[in-house]
2 protein chains.
Amino acid sequence: MTDPVATLTGERRPARSGKRERLIAAACETIHAQGVEKTTLADIAAAAGVPLGNVYYYFKTKDALLQAVIETHLAGQRSTLAAIDDAHDEPGDRLKTLFGALAAQGELIARHGCPHGSLCMELDKRAEGPGLAAELVRVPLDWTERQFRALGRQDARDLAVQLIARYQGTALLTSTLRDPDLMVAEGRRVAQWIDDLAPVT
Amino acid sequence: MTDPVATLTGERRPARSGKRERLIAAACETIHAQGVEKTTLADIAAAAGVPLGNVYYYFKTKDALLQAVIETHLAGQRSTLAAIDDAHDEPGDRLKTLFGALAAQGELIARHGCPHGSLCMELDKRAEGPGLAAELVRVPLDWTERQFRALGRQDARDLAVQLIARYQGTALLTSTLRDPDLMVAEGRRVAQWIDDLAPVT
DNA sequence: GTCTATAGCCAGATAGAC
DNA sequence: GTCTATCTGGCTATAGAC
């Protein structure tokens, strides 16, 4: 029935032309730039170079494509965090690496905000609630909590909430005021804060 | 030409039935709950108890109504801040009063997020940019900066950015995770932080 | 000033030829 | 699998009676 290799790699059956992947990538970008509600399937199809009608071969509804976008973001987050775990042993280094990388996205955030935060905020307003999108904050939140716990902090959860909140809040100011420097300055402060919490021994 | 009294009080000419005000109030609530793009004029008209067609007597376009909503939020912010200025002389007390009041909105924020922050984020994604909505963060930001400056802090602007960012970021986590306690806990931490920065003399 | 009816447009989704 | 043409519904905005 299903191609075992494709199943293992998480691919769908045909997958020759990569249109499905192009559609998801285009949807990620367009939705980040314009928001979920303002982005039409025609926008996404055009950005992906796929005829409108063909979109429905890959995704039954606009919402199905949106779910795929969220899952793609989640997979990206997980692999980023796993890579940081592999590259660094010290929890303090891991935290600084993650938030340094986020701060380096200042220009992107100044233009369209944090892709995950804005998705959460928009989907929050749906009757069904944020659904899977809430994982976009829970995944980094839980990871951050784990790092603080590894540092021996009893208040690891609170610290994690503070850290993610600082990033998300700064991202909102950065995009509203169109000032990437806010993100850079916050990155420096966060690094200092982590050093104060986890002194080099 | 214009009624001088109505002009002084900022009212429009007729203003007998208060429909204009009801429409703006309904728009504020509905937009906060559903977002700008998902909210239709029919939603707003129904919430205000006004027939759809009549909306256009008061507002030429949906966007004109949206601008009125933003201006109403701004006027509310300014009067809140002015009231705090009047009620407290110490900048530290003023800051704690404002952020205590924000933290007390936990339930509301858990349901739909910060009304100003979500408006900014959504309007950021328009081609024209956030426009007037950016004032919704600039006004409290500038006020907060003034308080820190009155406390003698040279880094008043940075501290103000941090404080507003903490509030906005916590609001995003509060609504995404549907947990009003996050807001309460952050309120306590902010009060402590301000006390540490501005020790009672 | 108020309200009904509706025009005009554009989005999501489908049908069906290739 | 691919793509054109089109249906259907809902939204902004207007016309025009009262």
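Being a predicted model, the structure only gives us computed values, none of them experimental. Every chain is numbered from 1, with letters handed out A, B, ... down the list of sequences.
With respect to the salt-bridge test (charged N to carboxylate O, under 4.0 angstrom), the residues A:R149 and A:D155 do not qualify. Salt-bridge check for B:R157 with B:D142: passed, with a basic side-chain N closer than 4.0 Å to an acidic carboxylate O.
The line from CD of B:E71 to CG of B:L132 is 5.5 Å long, rounded to the nearest 0.5 Å. Within the model, atoms CD1 of B:I24 and OG1 of B:T72 stand 4.5 Å from one another, a figure rounded to the nearest 0.5 Å. Atoms CD and CZ, on B:Q168 and A:R166 in that order, are 15.5 Å from each other to the nearest 0.5 Å.
Checked against A:T174 for a side chain to side chain contact (heavy atoms under 4.5 Å, CB included), the options A:D179, A:D181, A:I109 give a single hit: A:I109.
A donor-acceptor pair shorter than 3.5 Å cannot be found between the side chains of A:D43 and A:T30. Counted by atom type alone, B:D158 and B:Q162 present zero donor-acceptor pairs between their side chains at under 3.5 Å. Side-chain contact, A:S118 with A:H112: no donor N or O sits under 3.5 Å from an acceptor N or O.
Residues from residues 121-133 of chain B placing a heavy atom under 4.0 Å of any atom in DNA chain C do not occur. Contacts with DNA chain D (heavy atom under 4.0 Å) in residues 24-32 of chain B: none are found.
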Can you check each nucleotide of nucleotides 3-18 of chain D against protein heavy atoms at under 4.0 Å and return B for base, S for sugar-phosphate only, - for none, in 5' to 3' order?
-> BB------SSBB----

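When all heavy atoms of B:A165 and A:L173 are compared, the pair lying nearest together is N-CD1, 4.0 Å.
Rounded to an integer number of Å, the gap from B:L23 CG to C:dT2 C1' is 13 Å.
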